[in-house]
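Structure first, then comments.
Below, all heavy atoms of this structure are taken into account, side chains as well, without hydrogens, waters or symmetry copies.
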Amino acid sequence: LLPLHVFEPRYRAMLETVLHTGGTFGVLLCRTFDPATLEGEPFEVGTTVEIEEFDRMDDGSYSVLALGHRRFRLESVLRDGETPYLRGRVRWLEDEDGLQADDPLAEQAKLMFYAAVRLSRKILKKPFEEPGFPKDAAKLSFYIAQNLVGSLVLKQELLAGTGTRARLERERDILAAAVKPLAAQA
């Protein structure tokens, strides 16, 4: 899930269009951003999202909870003046390796994620809730990436990768490195 605060007039217009049509929209992380102009240079890989929940605030902005669906690579930005918001031409991305859900690597990544969450909750003295893991290996890799605590650039790198195996290996290794100090604290 992706929480968004939509406050710029151009993106409020986009959101209202999406809400009226029931469609999706694309989200890209900005590589650079100028707060004075509200302009930025996006990374090339993003995801389409569907709105799960939204609230319109008194000031006209929106609080949105969106769910990512399909990755894409931005091929070009369309600046045709038809809309106040940016649009682009994209190419859909699929993982190349077709890793199966019962692959040992998927199980290892799940176990490391489970351990990291369980230990974190114990340290924070918070109740532990069993994570609901996706059965599909690619979806599992994106679930773990989304829930990793870390930089947005790391999450962007995981999103941009085209192999489930490589993504799960990296996540497993990141989590394994995190579990050791967590276990020492717990």
Side-chain angles (χ1 to χ4, degrees), residues 1-35 37-54 62 64-101 103 105-106 109 113 133-175:
L1 290 173
L2 178 65
L4 301 169
H5 180 73
V6 181
F7 59 91
E8 285 185 65
R10 61 183 170 169
Y11 293 118
R12 290 194 318 221
M14 178 200 66
L15 190 62
E16 288 164 4
T17 299
V18 170
L19 289 170
H20 284 60
T21 62
T24 62
F25 61 97
V27 177
L28 292 154
L29 179 65
C30 281
R31 182 186 317 272
T32 62
F33 182 73
D34 181 356
T37 63
L38 298 178
E39 296 294 329
E41 177 195 346
F43 282 96
E44 294 79 25
V45 175
T47 185
T48 60
V49 295
E50 217 170 74
I51 298 169
E52 295 289 309
E53 298 176 20
F54 73 94
Y62 288 89
V64 177
L65 195 56
L67 181 62
H69 279 283
R70 192 168 183 194
R71 291 180 312 138
F72 60 84
R73 178 172 302 282
L74 180 66
E75 297 288 316
S76 62
V77 174
L78 303 175
R79 299 184 191 274
D80 54 15
E82 287 183 30
T83 64
Y85 47 86
L86 295 176
R87 298 182 311 140
R89 190 172 323 284
V90 302
R91 180 173 40 92
W92 301 114
L93 298 177
E94 303 295 333
D95 276 1
E96 298 166 350
D97 52 19
L99 191 72
Q100 299 301 309
D103 188 283
L105 176 60
F113 182 80
F133 292 113
K135 296 194 185 326
D136 176 80
K139 288 181 180 174
L140 171 66
S141 73
F142 292 119
Y143 173 85
I144 292 172
Q146 170 192 340
N147 288 289
L148 281 177
V149 174
S151 78
L152 291 177
V153 173
L154 169 64
K155 291 182 178 192
Q156 178 66 38
E157 289 170 4
L158 293 169
L159 177 70
T162 57
T164 302
R165 177 171 299 285
R167 191 177 309 107
L168 283 171
E169 285 172 346
R170 187 154 182 217
E171 291 165 345
R172 179 202 58 205
D173 294 348
I174 289 167
L175 290 164

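Sequence neighbours left out, the pairs with a member in residues 137-149 that pass side chain to side chain donor-acceptor pair (under 3.5 Å) are S141-R167. For the salt bridge (charged side-chain N to carboxylate O under 4.0 Å, His left out) condition, the pairs that include at least one residue of residues 153-166, sequence neighbours left out, are D103-R165, E157-R170. Residue pairs meeting the salt bridge (charged side-chain N to carboxylate O under 4.0 Å, His left out) criterion with at least one member in residues 44-54, sequence neighbours excluded, are R31-E44.
Not a single side-chain hydrogen bond (donor to acceptor under 3.5 Å, both in side chains) links E82 to another residue, sequence neighbours left out. With sequence neighbours left out, the side-chain contact (heavy atoms from CB on, under 4.5 Å) criterion links T32 to E41. When the side-chain contact (heavy atoms from CB on, under 4.5 Å) test is applied to H20, no partner is found at least two apart in sequence or on another chain. Considering only residues two or more places apart in sequence or on other chains, R71 meets the salt bridge (Lys or Arg N to Asp or Glu O under 4.0 Å) condition with D95. In this view, R89 satisfies the side-chain hydrogen bond (donor to acceptor under 3.5 Å, both in side chains) rule with no residue, not counting sequence neighbours. F33 is linked by a ring-ring contact (aromatic ring centres under 6.0 Å, His included) to nothing, counting only residues two or more places apart in sequence or in another chain. Residues meeting the side-chain contact (heavy atoms from CB on, under 4.5 Å) test with T21, sequence neighbours left out: T17. Applying the side-chain contact (heavy atoms from CB on, under 4.5 Å) test to E96 and every residue at least two apart in sequence or in another chain returns T162.
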Item to check | L74 vs F43, side-chain contact (heavy atoms from CB on, under 4.5 Å): CA-CA, chis, key distance, verdict | outcome: CA-CA 8 Å; L74 180 66; F43 282 96; over 6 Å; no
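Considering CD of Q156 and CG of L29, their distance stands at 5.0 Å, rounded to 0.5 Å. One finds the CG atom of L152 at 11.5 Å from the CG atom of L159 (value rounded to the nearest 0.5 Å). Interatomic distance, CZ of F54 versus CG of L65, reported as 12.5 Å (0.5 Å rounding). The structure places CG of L99 at 9.0 Å from CG of L140, a figure rounded to the nearest 0.5 Å. For the atom pair CG of L168 and CG of L158, the computed distance is 9.5 Å after rounding to the nearest 0.5 Å. How far CD1 of I174 is from CG of L154: 4.5 Å, rounded to the nearest 0.5 Å.
Using bins of under 30°, 30° to 60° and over 60° for the plane-to-plane angle, the ring pair F113/F133 lands in the perpendicular bin.
Shown here for L148 and L175, the closest heavy-atom pair between the two residues is CD2-CD2, 3.6 Å.
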Less than 3.5 Å apart, which donor and acceptor atoms pair up between the side chains of residues 2-15 and the rest of the protein, not counting sequence neighbours?
from : atom 1 : to  : atom 2 : distance (Å)
E8   : OE1    : R10 : NE     : 2.8
E8   : OE1    : R10 : NH2    : 3.0
R10  : NH1    : E39 : OE2    : 3.3
R10  : NH2    : L38 : O      : 2.7
R12  : NE     : G60 : O      : 3.4
R12  : NH1    : F7  : O      : 3.3

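Contact annotation: the side chain of T47 never approaches that of F142 to less than 4.5 Å [non-hydrogen atoms, C-beta and beyond].
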